[in-house]
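Below you'll find the structure, written out as structure tokens, and then a few comments.
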Amino acid sequence: MTSLGLGKFAYTKGLHDLGNGAYAWLQPDGGWGWSNAGLIVDGDESLLVDTLFDVPHTRAMLEAMRGAEPKAAAAIKTLVNTHHNGDHCYGNECCEGAEIIAHKLAAEAMRHEPPSMLAGFLDMAPELGELGDYLTKCFGAFDFKNVRQVLPTLTFEKEMTRQVGAKTVKLMHVGPAHTPGDVLAFVPEDKTVFTGDILFIEGHPIMWEGPVGNWIDACDKIMAMDVETVVPGHGPITDKRGVAALREYLVYIQKEARKRYDAGLSAFEAAKDIDMSDYDSWGDGERIAVNVATLYREFSGSDETPDAATLFGQMAELAKRKA
């Protein structure tokens, strides 16, 4: 598959100057926990889009941002968390005193997924066999025990606008999709959008929440924007080609999962049966297990809470099979 990365921006770890006071912090390879973040600057003002999975990684990012923008990034006054997953908000404590904005549902979900939960999973990992090995591979590079959870100070439900100097930052709720509270941060003056985990580029997305139609609609919303630079939650900086590819993936798995649901296969049987060879170059292919499980809940109208341990066990099995 042709690279979806925008050629003028290398996919390397660190701070990337997008021009006109916009920056992206990238963390290859974009797999579990290796998320991106953004900085929007005008004059002496700035807004940070997302923190990282733990304090050391977030501090390193903020130090680089202060190096690039000594005045504007000296003290972050406004922070937006695009959703509740820890790799986008566990570093919030590093922005002491900042106004922290998130969608109402994201703020609620953060309370149910504290850093101590992931720390506990990793503590148990040695006793969990293949599942434990998989959890350690996914999350072992991060220090959750020394994270002090800092929650949003301001929430919204549909849209919110913030000014950064003369720039407008439009925050738009497009969830539930990846998670309940997914938010896009669109900067018209920079023709740039920071998508959070509405976009995984060159990696399989993971649909914890759904419905898939909302996620497809979110892609359409980005496609309709006047944007040239698209910063995903994971993976290289892209443009509308990356958005179209992710949309195509979602349409494909929806169609293929529906066929197998109607044929009576279980969700995990369907996940193993769907031909994903067109996406072999994308990372974390085992996430198809979660995506199909979420689609099956949607097809059946079930509001049953998914069992994370079972889903991670299925992903561990698929990852081992592919290795």
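Every heavy atom of this structure was used, including side-chain atoms; hydrogens, water molecules and symmetry mates were not.
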side-chain hydrogen bond (donor to acceptor under 3.5 Å, both in side chains) between Asn36 and His234, worked out:
CA-CA 6 Å; Asn36 300 331; His234 295 259; over 6 Å; no
What's the shortest heavy-atom distance between [X] and [Y], and which atoms?
{"X": "Tyr90", "Y": "Glu113", "answer": "OH-O, 2.7 Å"}
{"X": "Ala267", "Y": "Ala293", "answer": "CB-CA, 4.0 Å"}
{"X": "Arg260", "Y": "Ala270", "answer": "CB-CB, 3.7 Å"}
{"X": "Thr136", "Y": "Ala125", "answer": "OG1-CB, 3.4 Å"}

Tell me if a side-chain donor or acceptor on [X] pairs with a main-chain N or O of [Y] at a distance below 3.5 Å.
{"X": "Asp182", "Y": "His173", "answer": "no"}
{"X": "Thr51", "Y": "Asn92", "answer": "yes"}
{"X": "Asp217", "Y": "Val174", "answer": "no"}
{"X": "Asp17", "Y": "Gly19", "answer": "yes"}
{"X": "Thr238", "Y": "Leu4", "answer": "yes"}
{"X": "Gln254", "Y": "Arg258", "answer": "no"}

Looking at the rings of Phe53 and Phe144, which for Trp means the six-membered one, are their centres under 6.0 Å apart?
yes
Would you please test Tyr11 and Glu202 for side-chain hydrogen bond (donor to acceptor under 3.5 Å, both in side chains) and show each step?
CA-CA 11 Å; Tyr11 188 34; Glu202 298 182 358; over 6 Å; no
Do [X] and [Y] belong to the same hydrophobic cluster, where Ile, Leu, Val, Met, Phe, Trp and Tyr are linked whenever their side-chain heavy atoms lie under 4.5 Å apart, directly or via other members?
{"X": "Leu6", "Y": "Val231", "result": "yes"}
{"X": "Leu26", "Y": "Met61", "result": "no"}
{"X": "Val187", "Y": "Met172", "result": "no"}
{"X": "Val164", "Y": "Leu18", "result": "yes"}

If the plane angle is over 60° it's perpendicular, under 30° parallel, otherwise tilted; pick one for Tyr296 and Tyr261.
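Tyr296 and Tyr261: perpendicular rings.
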Please indicate whether Glu63 has more than 12 foreign heavy atoms, meaning atoms of other residues, nucleotides or ligands, lying under 6.0 Å from its CD.
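No.
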Can you check whether Thr229 reaches Asp190 side chain to side chain, under 4.5 Å on heavy atoms?
no
Between Trp32 and Tyr134, a side-chain donor and acceptor under 3.5 Å:
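There is such a pair between these side chains.
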Please lay out, stage by stage, how Glu45 and Lys167 fare under the test salt bridge (charged side-chain N to carboxylate O under 4.0 Å, His left out).
CA-CA 10 Å; Glu45 297 184 27; Lys167 290 182 183 179; over 6 Å; no
Asp303 vs Arg297, salt bridge (charged side-chain N to carboxylate O under 4.0 Å, His left out): CA-CA, chis, key distance, verdict
CA-CA 7 Å; Asp303 57 2; Arg297 288 200 310 277; over 6 Å; no
